[in-house]
Amino acid sequence: MGSRLLRFTAEAGATYLISADNSYSSEEVTFSLAPARGLPANDHFANAIALLGDDVSSASHSIGASTEPGEPVDAERSLWWIWTAPRNGLVRFGAGSGTPYLFTPGTVLQDLELVTPWRDSLYRVTAGAIYNVMVASGSGRDLTLSVEMTPEGDLFEFPVLAGSLDVLQLDLQLSGATWEAFEPLHGGALPEQSVWLRWTAPYSAPVRLRVGNSWQDLRIAVYTGASITQLSPVAEGVSEIQFAAVSGTTYSIAVDAPTSGYPPAQVSFQLATEPEGYVGWRAGFFPTFGDPEGAPLANPDGDALPNLFEPVSYTHLTLPTRCHRCR
């Protein structure tokens with residue numbers, strides 16, 4: 001006997017009489033009979049499936065799943081996972097037909113506390129912390145738990161650390177990035193999907209920042225300040241900007257992509273300080289502002305040295321002055 005769900009071992013060739021009683025309503029009910037699957041391995045909290053990674057999924061099913069005394073959320077069926085956060089940031093859980101719940105680290109059900117979403121089903125997590133994830137399901141079916149963190153640098157508090165290099169080139173992930181409360185307008189526009197970098201100037205010099213391609217309309221802004229509510233703008237623009245960096249000053253750099261159209265999933269980011277020698281050298285060879293061949297990291301003469309280091313090579317090696325365009 002059972003309620004709604006009944007499992008039994010059938011013998012080949014045997015005939016069984018099955019009675020279904022609906023004492024709550026006179027309406028028709030649906031009856032199904034199918035070979036039983038094995039009970040889900042993660043039906044109980046003690047047998048939770050372990051997950052690790054910032055973009056990971058795990059398939060299971062809730063057919064035959066049950067609940068346990070002391071579970072922190074009422075559910076007809078429940079499945080359990082444990083997930084170790086690989087870094088600080090925001091995470092989103094999905095479970096198809098099931099409803100996921102995130103709980104604080106704990107080894108017994110009685111110690112678990114429900115974590116409140118930070119915003120829009122996103123949760124703030126701490127690197128190295130082990131979280132308990134329960135998926136509640138009202139019907140027995142296949143389901144997949146997905147765990148997806150937003151890009152590194154999505155929160156001002158946890159930026160991409162760019163150190164104090166005078167030349168930097170890296171790829172930024174934008175897909176899935178969000179905005180946060182009190183985030184300033186970047187270039188006069190509301191933030192949509194922004195990531196943050198933090199860079200300390202190794203010396204005082206003009207700095208050029210370039211992100212993505214000009215046709216992508218990516219906003220870029222530079223600030224000083226210790227918190228997102230105390231930021232002072234330094235420079236802002238689209239695709240490429242310049243500003244005068246002060247030695248030892250730490251700058252927060254926001255790259256923001258509009259969600260309209262086709263925002264890129266990944267963009268290239270370039271930072272290059274421009275010492276006085278380079279500025280003068282560039283003015284002689286590439287007087288047109290914005291000439292891509294005169295960009296700090298460009299190498300139009302193919303000598304394995306980016307433009308930024310050409311003046312240094314001339315100074316230390318006393319090479320004759322050359323014209324890139326004459327080669």
Side-chain angles (χ1 to χ4, degrees), residues 1-10 18 20 29-151 154 173 175-176 178:
M1 299 181 61
S3 176
R4 296 192 63 184
L5 178 67
L6 175 65
R7 298 169 62 96
F8 66 96
T9 302
I18 302 173
V29 295
T30 300
F31 173 79
S32 62
L33 176 68
R37 297 173 60 177
L39 293 174
N42 56 334
D43 184 22
H44 292 163
F45 173 76
N47 298 325
I49 296 175
L51 298 175
L52 177 63
D54 58 5
D55 186 0
V56 64
S57 62
S58 175
S60 187
H61 70 86
S62 58
I63 300 173
S66 60
T67 59
E68 301 174 73
E71 284 192 342
V73 173
D74 290 334
E76 185 174 340
R77 297 172 174 86
S78 63
L79 301 173
W80 289 92
W81 284 264
I82 54 173
W83 173 69
T84 304
R87 55 182 169 86
N88 296 318
L90 299 176
V91 64
R92 179 183 287 110
F93 298 93
S97 60
T99 303
Y101 297 91
L102 183 68
F103 298 94
T104 54
T107 56
V108 294
L109 285 171
Q110 291 73 18
D111 291 342
L112 302 188
E113 295 182 10
L114 187 65
V115 178
T116 302
W118 178 76
R119 191 192 76 231
D120 300 337
S121 301
L122 289 167
Y123 298 86
R124 286 175 61 101
V125 293
T126 303
I130 301 175
Y131 295 90
N132 298 278
V133 183
M134 170 185 161
V135 174
S137 176
S139 59
R141 61 182 62 186
D142 293 334
L143 57 83
T144 298
L145 174 69
S146 62
V147 183
E148 182 181 5
M149 294 193 71
T150 62
D154 190 26
Q173 301 292 329
S175 179
T178 65

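Heavy atoms only: backbone and side chains are in, while hydrogens, waters and symmetry mates are out. This chain uses plain numbering: 1 for the first residue, then up along the sequence.
Rounded to the nearest 0.5 Å, atoms CG (L52) and OG1 (T84) are 5.5 Å apart. Atom CG of L122 and atom CZ of R92 lie 4.0 Å apart (nearest 0.5 Å). Between I82 atom CD1 and N47 atom CG the span is 10.5 Å, to the nearest 0.5 Å. In this structure, OG1 in T107 is found 9.0 Å from CG in N132, a value given to the nearest 0.5 Å. From T67, atom OG1 reaches atom NE2 of H44 across 8.5 Å, with rounding to the nearest 0.5 Å. The structure places CG of D43 at 6.5 Å from CG of L79, a figure rounded to the nearest 0.5 Å.
No more than 12 heavy atoms of other residues, nucleotides or ligands lie within 6.0 Å of CD1 in I130, so this atom counts as exposed by the packing criterion. Within a 6.0 Å sphere centred on CD of E113, heavy atoms belonging to other residues, nucleotides or ligands number 12 at most.
Contact record, A95 with L143: O-CB, 3.9 Å, taken as the closest heavy-atom pair. Across L145 and P100, no two heavy atoms sit closer than the pair CD1-CB, 4.5 Å. Shortest non-hydrogen contact noted between V115 and F103 is CG2-C, 3.8 Å. A pairwise comparison of heavy atoms in N42 and A48 identifies CB-CA, 4.4 Å as the closest pair. The two atoms that bring D111 and T104 nearest to each other are O-OG1, 4.2 Å, heavy atoms only. Residue Q173 comes nearest to P151 through the heavy atom pair O-CB, 3.2 Å, listed as atom of the first residue, atom of the second, then distance.
Using a 4.5 Å heavy-atom cutoff, the side chains of P72 and Y101 are not in contact. Between M149 and P86, the closest side-chain pair of non-hydrogen atoms falls below 4.5 Å. Taking the side chain as every heavy atom from C-beta outward, V133 and L51 never approach each other to under 4.5 Å. Taking the side chain as every heavy atom from C-beta outward, V135 and W81 approach each other to under 4.5 Å. The shortest side-chain heavy-atom distance between V125 and W83 falls under the 4.5 Å cut-off.
The list of side chain to side chain donor-acceptor pair (under 3.5 Å) pairs with a residue in residues 115-131, not counting sequence neighbours, reads R124-E157.
A side-chain contact (heavy atoms from CB on, under 4.5 Å) with P40 is found for one member of S137, S60, S62 and no other, namely S60.
Taking the side-chain hydrogen bond (donor to acceptor under 3.5 Å, both in side chains) definition, one finds that E71 meets it with S78, W80, sequence neighbours left out.
N88 places a side-chain N or O within 3.5 Å of a backbone atom of A127 that can act as its donor or acceptor partner.
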